[in-house]
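Read through the structure below, which is laid out as structure tokens, and then see the notes.
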Protein chains: 2
Amino acid sequence: MKETLEKILNFWPYLSEVEKQEIVAQTFKVNYESKKIFVHGKDECKGLMIVNKGRARIYINSDNGSNGGEITLYRLLDGDVCILSAACMMKSLDISVSMELEEDTEFFILPKGLFLEISNNNIMVKNYLLEEISDKFSSVIWVLNQYIFTKMAHRLASALIEHRALGESDDIEITHDTLARDLGTAREVVTRLLKQFQNDELVELSRGRIKILDINRLMRI
Amino acid sequence: MKETLEKILNFWPYLSEVEKQEIVAQTFKVNYESKKIFVHGKDECKGLMIVNKGRARIYINSDNGSNGGEITLYRLLDGDVCILSAACMMKSLDISVSMELEEDTEFFILPKGLFLEISNNNIMVKNYLLEEISDKFSSVIWVLNQYIFTKMAHRLASALIEHRALGESDDIEITHDTLARDLGTAREVVTRLLKQFQNDELVELSRGRIKILDINRLMRI
DNA sequence: ATAATTATGTGACATTGTCACTGTTATTTG
DNA sequence: CAAATAACAGTGACAATGTCACATAATTAT
């Protein structure tokens, strides 16, 4: 446990011995299955959540109920903190943001009280949080920028490249629907464009799977 | 000066006497004319900027040079801090964000060194900054949400209502172009929709001016 | 095997974005 | 002041994307 925390927590070197001990003593693990959804604000917030192993997608949706429009803001990978859990301990966002696990995921949870205490005493911890938030802030602005100013075909190509990197393979296991939720568009649009990509022999399509044939040409789009 | 700072700085009550003195001694004012543009990252960052009196618009643009697409992220009014100036002192965003003054604006500037020192010693100052950032973060997510999931007519109506509140009058002095830049759309689109609003007798149009005729019906859109 | 579920495909149409203009109203300048 | 210039607004044609209402195909459950 201690070794893992050492690796995962960026601010570990700046903690005092006492703080380290407290963290090792009080932090606990929780495991959730893939596809579990957290709605920020609804679920009670137990403390600061840090991804030990797994993957999560942070997104917003059109809350108008009927048609489930969504767009992905960013993802959390191993070692990332969920700044929403951080924010909910300090001051709440008044916006509905959700998290969906894309793999079985294990979190470390730093209990609320402990985290607040340490982040109030140790400036590096607070700095770290601030940087994380700034970083996600950048991501969201980037998404907005892309959504508004960039052609769908271009964004789809980027998404394919991103998922190729996430899965470390030219064979991507993903549905058109999932891509649409990533990009904030409709499934039909993704289908249309992928069809074009296939005609151009950039990809090969099958149910729930996209095989990248020409990564170089895809990158140039 | 001291009285103004007392009013403007939310964290004033939490400062020590020494800190207060230092702030009064080192903070200075700068005035800029309406329409001045700051590009975050380009202009050297002298310190934390706080709006004393005036109005600024924070926006992103499509940096592809030719066609000047823009969308407004949020506005700074009296007493607001420019979190971009804060961010640039701690860790830089790698995204191009700009600020345009919409009125002649006076800023207080807390010099970099002083601000860093105080925010490192005084947890309330850092907390305040964190809350400001979270707040703007919310705003940006809100803009994204609106852009993706909401019909243009609805958003235009909202924008008119917002500007009515900003100017405290049913007579809004604004061009179609400015509205388009707020909403992240094209001037022509704004013109089209305003035309419809006029036909529905919601507004009255003239050059550089929109008069709201039926605020209630506008709010219901 | 049959039914239910999930994924994909397609055409018609609505909304919004882009382009290439024209016309109109203010502002500057000779 | 009149003419030139710049800023603002209007318009039609067309492209890109979103929405809807389905059809079809592959997979999983009963």
Side-chain angles (χ1 to χ4, degrees), chain A residues 34-35 61-62 64-71 144-160 163 171-199 203-211 221, chain B residues 34-35 61-62 64-71 100 143-160 163 171-199 203-211 221:
Chain A
S34 183
K35 297 193 179 154
N61 52 4
S62 73
N64 74 15
S66 63
N67 47 359
E70 288 186 13
I71 188 168
L144 181 61
N145 199 309
Q146 291 295 301
Y147 191 93
I148 298 182
F149 302 123
T150 308
K151 286 265 181 309
M152 210 53 225
H154 187 300
R155 298 179 56 222
L156 178 57
S158 300
L160 290 176
H163 280 286
D171 265 311
I172 306 173
E173 288 205 6
I174 200 166
T175 66
H176 300 183
D177 188 65
T178 303
L179 279 167
R181 286 157 187 265
D182 262 22
L183 298 170
T185 184
R187 182 191 54 75
E188 297 91 318
V189 176
V190 172
T191 300
R192 276 202 290 249
L193 290 171
L194 281 177
K195 215 77 207 294
Q196 289 178 29
F197 285 5
Q198 190 176 37
N199 290 339
V203 299
E204 190 183 292
L205 303 177
S206 50
R207 185 188 172 93
R209 197 175 131 277
I210 299 170
K211 179 169 187 168
I221 288 186
Chain B
S34 183
K35 297 193 179 153
N61 52 6
S62 73
N64 74 15
S66 62
N67 47 0
E70 287 186 14
I71 188 167
E100 181 194 20
V143 168
L144 181 60
N145 198 310
Q146 292 294 301
Y147 191 92
I148 299 182
F149 301 122
T150 310
K151 285 263 179 308
M152 211 53 226
H154 186 300
R155 298 179 56 221
L156 178 57
S158 300
L160 290 176
H163 279 285
D171 266 313
I172 306 173
E173 288 205 5
I174 200 166
T175 66
H176 299 185
D177 188 63
T178 303
L179 279 167
R181 286 158 185 265
D182 262 23
L183 297 170
T185 184
R187 183 190 54 75
E188 297 91 316
V189 175
V190 171
T191 300
R192 276 204 290 250
L193 290 171
L194 281 176
K195 216 74 205 297
Q196 290 178 29
F197 284 4
Q198 190 177 38
N199 290 339
V203 299
E204 190 182 291
L205 304 177
S206 51
R207 185 190 171 91
R209 198 176 131 275
I210 298 171
K211 180 169 187 166
I221 288 185

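Each chain gets a letter, A, B and so on, in the order the sequences are listed, and its residues count up from 1.
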- Message: Protein within reach of the bases, or only the backbone? For nucleotides 2-11 of chain C, mark each nucleotide 5' to 3' as B, S or -, using heavy atoms under 4.0 Å.
- Response: ----BSBBB-

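Scored by the side-chain hydrogen bond (donor to acceptor under 3.5 Å, both in side chains) test, A:R155 finds no partners at all (sequence neighbours excluded). Applying the side chain to side chain contact (heavy atoms under 4.5 Å, CB included) criterion to A:Q198, with sequence neighbours excluded, gives A:K195, A:V203, A:L205. The side-chain hydrogen bond (donor to acceptor under 3.5 Å, both in side chains) test applied to A:T178 returns A:T175, not counting sequence neighbours. Applying the side-chain hydrogen bond (donor to acceptor under 3.5 Å, both in side chains) test to B:N145 and every residue at least two apart in sequence or in another chain returns nothing. A search for salt bridge (Lys or Arg N to Asp or Glu O under 4.0 Å) contacts involving A:R207 returns nothing, not counting sequence neighbours.
For B:T185 and C:dG17, the shortest distance from a side-chain N or O to OP1 or OP2 is below 4.0 Å.
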- List the steps and the verdict of side chain to side chain contact (heavy atoms under 4.5 Å, CB included) for A:I221 and A:L156. CA-CA 10 Å; A:I221 288 186; A:L156 178 57; over 6 Å; no

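Between A:E70 and A:R181 there is a salt bridge, since at least one side-chain N of the basic residue sits less than 4.0 Å from a carboxylate O of the acidic one.
Under the 4.5 Å side-chain criterion, counting only non-hydrogen atoms from C-beta, A:L144 is not in contact with A:Y147.
The OG atom of B:S34 sits 7.5 Å away from atom CD of B:E100, with the distance rounded to the nearest 0.5 Å. Summarising the geometry, atom NE2 belonging to A:H163 is positioned 5.5 Å from atom CG belonging to A:L179; distances are rounded to the nearest 0.5 Å.
Atom pair A:M152:CE and C:dG17:C1' shows a separation of 15 Å (rounding to whole Å applied). The CG atom of B:L156 sits 13 Å away from the P atom of D:dA9 (whole-angstrom rounding). What separates CZ of A:F149 from C1' of D:dT17 is a distance of 17 Å, to the nearest Å. Atom OH of B:Y147 is separated from atom P of C:dT16 by 10 Å (rounded to the nearest Å). Rounding to whole angstrom units, NZ of residue A:K151 and P of D:dG18 are separated by 11 Å. Atom CD of A:Q196 is separated from atom P of D:dA16 by 9 Å (rounded to the nearest Å). Note: CG (B:L183) to P (C:dT15) measures 18 Å, nearest angstrom. The CG atom of B:L193 sits 12 Å away from the P atom of D:dG10 (whole-angstrom rounding).
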Expected rows: protein N/O vs nucleotides 2-4 of chain D N/O, under 3.5 Å:
none

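Between the axis at the start and the axis at the end of the helix from C:dA1-D:dT30 to C:dG30-D:dC1 there is an angle of 20°, using five pairs per end and rounding to 10 degrees.
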Would you be so kind as to tabulate the donor-acceptor pairs closer than 3.5 Å made by side chains of residues 185-193 of chain A, with sequence neighbours excluded?
from	atom 1	to	atom 2	distance (Å)
A:T191	OG1	A:H176	ND1	3.0
A:T191	OG1	A:R187	O	3.2

